[in-house]
Amino acid sequence: MNESGQNTKLVAQEHIGEDGEKWHRAAFEEIGERLADPGFPCVFSRNAFRKQLVKFIFVEDRTEAGIRHLAEGLREYVGISKKWDGRLDTAYPLIAVFSPDTVDARTVEEYHAFGWEILQELHRIDPAPWPEEVGRDPGSESWSMCFDGMPLFCNMSCPAHRVRRSRNLGENFALVINPRERFDVFAGDTPSGRRVRSNIRSRIHRYDGVPHSPYLGSYGTGALEWFQYGLAEEDTGRTDECPFTFRGTAETRKES
């Protein structure tokens with residue numbers, strides 16, 4: 001329940017564990033251990049965690065009910081994000097955490113495949129129109145994942161990451177989700193944004209012990225978003241194709 005007494009799928013950071021689910025608390029503590037580390041590269045995530053701004057969705061299983069639960073929570077998150085006032089201290093990141101029993105994966109590639117299946121399912125049941133300004137082909141630099149009419153950036157974190165430790169938030173697969181516009185505001189292709197990105201990438205090098213992925217880039221300047229959702233362990237050239245397929249809105253599908 002939220003403060004207005006309405007049912008909610010989002011869990012505020014300060015209320016983790018109140019539902020009695022032990023795996024929720026264990027996953028949160030693992031995530032918190034990493035985000036509280038002064039060396040963790042993403043200064044935005046660290047700031048949000050310190051100020052208890054992070055929102056969570058816990059996904060119990062891969063069933064249709066589990067996906068619906070995630071979709072309803074994500075719709076709530078988009079709703080509060082649409083009211084954002086542009087200040088860093090009111091920017092709520094979202095972490096969707098999946099039960100260990102949900103994912104049958106061992107390698108980074110297998111976890112990423114699972115993550116793309118989840119994003120495809122969210123797209124399948126999303127009734128909102130795809131934003132006109134956002135590309136529908138992941139091979140376009142204007143593409144990003146969208147849900148309920150909002151462009152999003154989705155960071156896939158999994159326990160199989162041993163080299164890219166900054167993409168490992170513990171023993172659970174997690175999607176770290178933020179509205180696309182927040183990256184444009186704080187770390188976009190501007191002098192201040194480039195300084196922020198440079199600082200974070202230097203921190204990645206120190207934290208991971210290897211240079212940041214060459215596929216990290218700024219939206220709309222030639223870098224492909226989908227490469228950045230799930231980073232490969234090694235800095236090898238990528239020839240894979242994005243698993244995401246645009247299927248249109250429910251209305252479009254019905255007409256076709």
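The distance between the ring centers of Trp84 and Tyr92 does not fall below 6.0 angstrom. Note: His15 and His24 fail the aromatic proximity criterion, with ring centroids not under 6.0 Å apart.
Annotation: the span from Gln120 atom CD to Cys242 atom SG amounts to 8.5 Å, rounded to 0.5 Å. The CG atom of Asp240 sits 9.0 Å away from the CD atom of Glu109 when rounded to the nearest 0.5 Å. Considering OG1 of Thr90 and NZ of Lys83, their distance stands at 13.0 Å, rounded to 0.5 Å. With rounding to the nearest 0.5 Å, the separation of CZ in Arg162 from CG in Asp208 is 13.0 Å. For the atom pair CG of Leu224 and CG of Asp137, the computed distance is 9.0 Å after rounding to the nearest 0.5 Å. Note that SG of Cys42 and CZ of Arg167 are 9.5 Å apart. Values are rounded to the nearest 0.5 Å.
In the hydrophobic cluster analysis, where Ile, Leu, Val, Met, Phe, Trp and Tyr join through side-chain heavy atoms closer than 4.5 angstrom, Phe227 is grouped together with Val134. In the hydrophobic cluster analysis, where Ile, Leu, Val, Met, Phe, Trp and Tyr join through side-chain heavy atoms closer than 4.5 angstrom, Val11 is grouped apart from Ile177. The hydrophobic cluster containing Leu74 also contains Phe98, counting ILVMFWY residues as joined when their side-chain heavy atoms lie under 4.5 angstrom apart, directly or transitively. The cluster map of Ile, Leu, Val, Met, Phe, Trp and Tyr, joined by side-chain heavy atoms under 4.5 Å apart, puts Val59 and Leu122 in the same cluster. Transitive grouping of hydrophobic side chains (ILVMFWY, heavy atoms separated by less than 4.5 Å) brings Met150 and Leu175 into a common cluster.
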- Message: Checking Ile67 against Arg62 for the side chain to side chain contact (heavy atoms under 4.5 Å, CB included) test, could you report, in this order, the C-alpha distance in whole Å, the side-chain angles of both residues, the deciding distance, and whether it holds?
- Response: CA-CA 7 Å; Ile67 297 298; Arg62 178 66 175 77; 4.1 Å; yes
- Task: Start with the C-alpha distance between Glu76 and Thr8, add both sets of side-chain angles, then the distance that settles side chain to side chain donor-acceptor pair (under 3.5 Å), and finish with yes or no.
- Result: CA-CA 8 Å; Glu76 290 178 36; Thr8 177; 2.2 Å; yes
- Message: Walk me through whether Leu94 and Val176 qualify under side chain to side chain contact (heavy atoms under 4.5 Å, CB included).
- Response: CA-CA 6 Å; Leu94 171 65; Val176 183; over 6 Å; no
- Query: Are Phe246 and Trp143 close enough, and set up right, to give a ring-ring contact (aromatic ring centres under 6.0 Å, His included), and what steps lead you there?
  - Reply: CA-CA 11 Å; Phe246 180 82; Trp143 180 90; over 10 Å; no
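No donor-acceptor contact under 3.5 angstrom links the side chains of Glu72 and His69, judged on distance only. In this structure, a donor-acceptor pair under 3.5 Å is absent between the side chains of Thr102 and Asp61. A donor and an acceptor atom, one from each side chain of Ser99 and Glu60, are nowhere located under 3.5 Å apart.
Here the side chain of Glu225 pairs no donor or acceptor atom with the backbone of Pro138 at under 3.5 angstrom. Under the 3.5 Å distance criterion, the side-chain polar atoms of Asp19 are matched with a main-chain donor or acceptor of Glu21. Judged by distance alone, the side chain of Tyr229 and the main-chain N or O of Met145 form a donor-acceptor pair under 3.5 Å. Although no hydrogens or angles enter the test, the distance criterion places no donor-acceptor pair under 3.5 Å between the side chain of Arg164 and the main chain of Leu231.
Two residues are said to be in side-chain contact when any heavy atoms from C-beta on lie closer than 4.5 Å; Glu110 and Thr107 meet this criterion. Residues Phe44 and Asn178 are not in side-chain contact: their nearest non-hydrogen atoms beyond the backbone lie 4.5 Å or more apart. Looking only at side-chain heavy atoms (C-beta outward), Ser81 and Arg182 come within less than 4.5 Å of each other. With contacts defined as side-chain heavy-atom distances shorter than 4.5 Å, the pair His212/Ile200 does not qualify. Counting heavy atoms from C-beta on, the side chains of Arg180 and Leu152 never come closer than 4.5 Å. Residues Val97 and Phe28 fail the side-chain proximity criterion, which asks for heavy atoms closer than 4.5 Å. Looking only at side-chain heavy atoms (C-beta outward), Leu119 and Met156 come within less than 4.5 Å of each other. Side-chain contact between Lys82 and Asp148 is present, with heavy atoms from C-beta onward closer than 4.5 Å.
The heavy-atom pair separating Pro41 from Ser166 by the smallest distance is CG-CB, 3.8 Å. Nearest heavy-atom pair, Cys146 versus Asp126, reported as atom, atom and distance to 0.1 Å: O-OD2, 4.0 Å. Taking all atoms of both residues into account, the shortest heavy-atom contact from Arg106 to Asp104 is NH1-OD1, 4.4 Å. Arg34 and Leu169 make their closest contact through CD-CA, 3.3 Å (heavy atoms, listed as atom of the first residue, atom of the second, distance). Scanning all heavy atoms of the two residues, the minimum distance from Cys158 to Phe173 falls at CB-CD1, 4.0 Å. Annotation for Val108 and Glu233: closest pair CG2-CG, 3.7 Å, computed over non-hydrogen atoms.
Ring orientation note: the planes of Trp116 and Trp226 are nearly perpendicular, at an angle over 60° on the 30°/60° scale.
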Let me have the donor-acceptor pairs involving side chains of residues 48-57, under 3.5 Å, with sequence neighbours excluded, atom names and distances please.
unit_1: Arg50; atom_1: NH2; unit_2: Asn47; atom_2: OD1; d: 3.1
unit_1: Lys51; atom_1: NZ; unit_2: Asp89; atom_2: OD1; d: 2.6
unit_1: Lys51; atom_1: NZ; unit_2: Asp89; atom_2: OD2; d: 3.1

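Taking the charged nitrogens against the carboxylate oxygens, Arg124 and Glu64 do have a contact shorter than 4.0 Å, which makes a salt bridge. Salt bridge status for Arg25 with Glu29: present, with a side-chain N to carboxylate O gap under 4.0 Å.
In this structure, Arg75 forms no cation-pi arrangement with Phe147, as its terminal cationic atom is not both closer than 6.0 Å to the ring centre and no more than 45° off the ring axis.
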